[in-house]
Amino acid sequence: MSYEFQRIEKKWQGRWDSEHAFAARNASDKPKFYGLIEFPYPSGEGLHVGHPRPFTAMDIVTRKRRMQGYNVLFPIGFDAFGLPTENFAIKNKIHPSVVTKRNIATFTSQLKMLGYGFDWDRVVDTTDHEYYKWTQWIFIQMFKRGLAYKASMPVNWCTSCKCVLANEEVVNGVCERCGSEVVRREKSQWMLKITEYAQRLLDDLDTVDYVERVKIQQKNWIGRSTGCEVDFATTAGETLRVFTTRPDTLFGATYMVISPEHAILKTWETKLTNLTEVQAYQDASARKSDFERTEMAKVKSGVRLSGVAAINPVTGGEIPIFISDYVLATYGTGAIMAVPGHDTRDWEFAKLFDLPIIEVVAGGDITQAAYTDCDTGVMVNSGFLNGLTVADAKVKIAEWLTDKGLGTEKVNFKLRDWVFSRQRYWGEPIPIVHCEHCGYVALPESELPLLLPDVEKYETTDNGESPLAAMTDWINTTCPQCGAPATRETDTMPQWAGSSWYFLRYTDPKNADALASRDALDYWTPVDWYNGGMEHTTLHLLYSRFWHKFLYDIGVVPTSEPYTKRTSHAFILGEDGQKMSKSRGNVINPNDTVAEYGADTLRLYIMFIGDFEKEAPWSTSSVKGCKRFLDRVWNLAETRIGGGEGYSATHEKAVNRAIAKVSSDIEEMKFNTAIAALMTLVNEFSDSPPNRGDIKALLTLLSPFAPHIADELWEIQGFKGTASLAPWLDFDPSKLIDDTITIAVQVGGKLKGTVTVPSDADDEAVKAAVFADSKVARIVEGRELKRVIVVPKKLVNLILG
RNA sequence: GCCGGUGUGGCGGAAUUGGCAGACGCCCGGGACUUAAAAUCCCGUGAGGGCAACCUCGUACCGGUUCGACCCCGGUCACCGGCACCA
């Protein structure tokens, strides 16, 4: 019999809603648990089948915590600023806020349709001015402390979106959103000084419980390297400073390379005898997009500076200087000492320009390739470093450089400051005005929120200015400091702004005086468990850690890390094993699955599909298996079973085993095996009818996974309260032990059969049972028994001669 | 190139971390019920061989350690994700 999921699911969703069944309390005697999912971007397409995987996972975890007696905060909100909405608005001539409201309504009904135990009283919307008031407030605090600054710099410019992108938004040289070409363009931008937090963002990874691959990815992204800055004298008079992680190889530095953007080139204009050639190379580099620069990476190019040379500080020899775009202006000092013997790139370049290659660490064959993996090598051709190991040479040369005033030890990071301006309409206005006398001035906090004005057109202007730039009456204002005429900043913030602190707002979402009260923050933060996608590891996750540390530094939040624990899910693929996409036509709409099988089935299937951390293809026929399982549960409990609420003697062990398995599997996010354990239990119940207590246990364990059917059957059975809020179960370890156990019997490591012995049998008794077995007797007969290995409760291995 | 991960039946995936490989589910085959079908229930289902009890092989590939290896070690291949001239 198929159960009436439509009626049941609607009934319970209505009841949970009207009773605010899962609302969190800001004060409670219970221990708190704050479970968080990444709030969705409310796109026009509605909920994607990718959403329910992490949502259901955390719903299961938080439902279990609630049943375990925690005061649980499991909130939901919408990250609603952003390009797709704006593009839709432009195309359809509808205000983005209208589009956003509509999309949020769709998402809300879909999320409710799936039965999530969110606290619907705490919904946050990043485009609500009561919310973005505080996003702006945080920006002003950063500005006041010098962490937000304006800089003219080459930025990534999307030719289609007509918009500046953060480095993180450029993927393989194209725009992450639209796939169009990204070129480099000089522009004045608001920047956030995330680099000032680089070391702390790295160090504090040791204090949090993140899955290892997230930590590794963040570490790589931050990219700390230690080395020295070394000053090279030049024949022109100026010194040229380089950064190197291999100061030990200084004797092997046979030339230098500076980036085409290096400032010293301007100084040397009169001294260069091949200035036109140099400038031609500079121009060519400037015109290249990042994509072209990386595409051409395989082939080195460059120009030797004529008329100027550098002096190697240890050898005293003159070495040539080149410009080449394989040296980046934005890392280190924008200049390097080239050691072709021990650096692959330098080796290639030296071969191309026929430059000397000197071996300074013995062990490789530098005529064939650069010898880079040489930590164990010994220094040669290196004067006072000869005979030292690489490690010792690094120490000695650093001392020598410091002593001579030629260099210092230095740490560099790959992490760059965060480009925080977008030339777009649908984002938080940056609350800054520009005054001719005072420069950039922050709005007084009393003037927040700075509302996004209504404009006629949402398109970026042709010269790449925000649509706000056309609003002269909005732009023109007075300086809050001196009262002189001033103009507003017309750029808006990137989408990452609102999502960098939303989890704080959930603790106190309606507070008008602060982003959240200190009491609420003290009580709820840090987030105990945050699950999200790997794709946010180097963007959202790092940004929000940065903002949180800043807020901690200015005394707003009580902890320096926002999230205690971070786990990550993988995507669900289409039935064809490919990534789901509209163009492939393999997208599964959760609405369809819910309509046909019900929300409980969808939840169950999505968790049963496979390892939570691995991608798994959708399978419509497997969905049916989960529906069948729920039908069988229904059939077991659709009429009230009489009797007491203890477990039956028949099922006592099975029930205890299921409690143990489901409890631990949820903690480890092994939802697939937890569900398998529930299926096994139901199979046993089908073989031999369960009593009232057995059913109660089943419904309790099922409740986090399939809450609607669990609550309905709970009510039919007349148990107290609801399954959703029933106490979680403990198991009795003594009930997990069987009276007899099956021991595997191996001969020479190969399985030959099994014997059954009492579970408390000692080794001798087990051996006796093995030798009493007729089959074993037959095999062993007439052969010498050399050794018997007994693994308690597992197996016996007989080694024959 | 560098960093991380994965490789197990026809399919999704299990395996208490060195101890009975394939739990659970899907698909498929057979049977019951039905006028029939669907649904449901029962049986079977890694491959090969044998009438049978049973035997042999089997966790990407090659080798090693071990009484015993999906698991540990060395090497190879394939796929996925991230970074990508970061000096």
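Quick note on labels: first sequence line is chain A, next is B, and so on, each numbered from 1.
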query = Counting only non-hydrogen atoms, which of residues 656-668 of chain A are less than 4.0 Å from RNA chain B?
reply = none
request  = Could you pull out all residues at least two apart from A:T754 that satisfy side chain to side chain donor-acceptor pair (under 3.5 Å)?
outcome  = none
Tabulated below should be each protein N or O lying under 3.5 Å from an N or O of nucleotides 21-28 of chain B; please produce it.
from  : atom 1 : to     : atom 2 : distance (Å)
B:G25 : OP1    : A:N683 : ND2    : 3.3
B:C26 : OP1    : A:R628 : NE     : 2.8
B:C26 : OP1    : A:R628 : NH2    : 2.9
B:C26 : O2'    : A:S621 : OG     : 2.7
B:C27 : OP2    : A:R628 : NH2    : 3.2

message = Rounding to an integer number of Å, can you tell me how far A:Q578 CD sits from B:C80 C1'?
response = 12 Å
inquiry  = Run A:F629 and A:F608 through ring pair (Phe, Tyr, Trp, His ring centres under 6.0 Å) and show every step you take.
reply    = CA-CA 12 Å; A:F629 165 70; A:F608 187 61; 8.7 Å; no
message = Regarding A:R416 and A:T195, do their side chains bring together a donor and an acceptor under 3.5 Å, going by distance alone?
response = no
ask   = Under a 4.0 Å N-O cut-off, is there an ion pair linking A:E596 with A:K627?
value = no
ask   = For A:T226, which residues count as a side chain to side chain donor-acceptor pair (under 3.5 Å) partner, sequence neighbours excluded?
value = none
ask   = Checking A:D665 side chain against A:F671 main chain: does a donor-acceptor pair fall under 3.5 Å?
value = no
query = How would you list, by chain and number, every residue that makes a side chain to side chain donor-acceptor pair (under 3.5 Å) with A:S734, sequence neighbours excluded?
reply = A:D732
query = Rounded to whole angstroms, how far apart are NE2 on A:H262 and P on B:C85?
reply = 19 Å
task = With A:K300 as the cation and A:Y326 as the aromatic partner, state whether NZ or CZ is under 6.0 Å from the six-membered ring centre and within 45° of the axis.
result = yes
query = Relative to the 5' end of RNA chain B, which residue comes earlier, A:T754 or A:I609, by the nucleotide with the nearest heavy atom?
reply = A:I609
request  = Can you tell me which stems involve RNA chain B, if a stem is defined as three or more consecutive Watson-Crick or G-U wobble pairs, both distances under 3.5 Å?
outcome  = B:1-7 with B:77-83, B:10-12 with B:24-26, B:28-32 with B:40-44, B:46-49 with B:54-57, B:60-64 with B:72-76
message = With heavy-atom distances below 4.5 Å as the criterion, would you say the side chains of A:Q746 and A:L798 are in contact?
response = no
request  = For the pair A:H569 and A:F612, name the ring-plane relationship: parallel under 30°, tilted 30 to 60°, perpendicular over 60°.
outcome  = tilted
query = When only distance counts, do a donor and an acceptor, one from the side chain of A:K300 and one from the base of B:C85, lie under 3.5 Å apart?
reply = yes
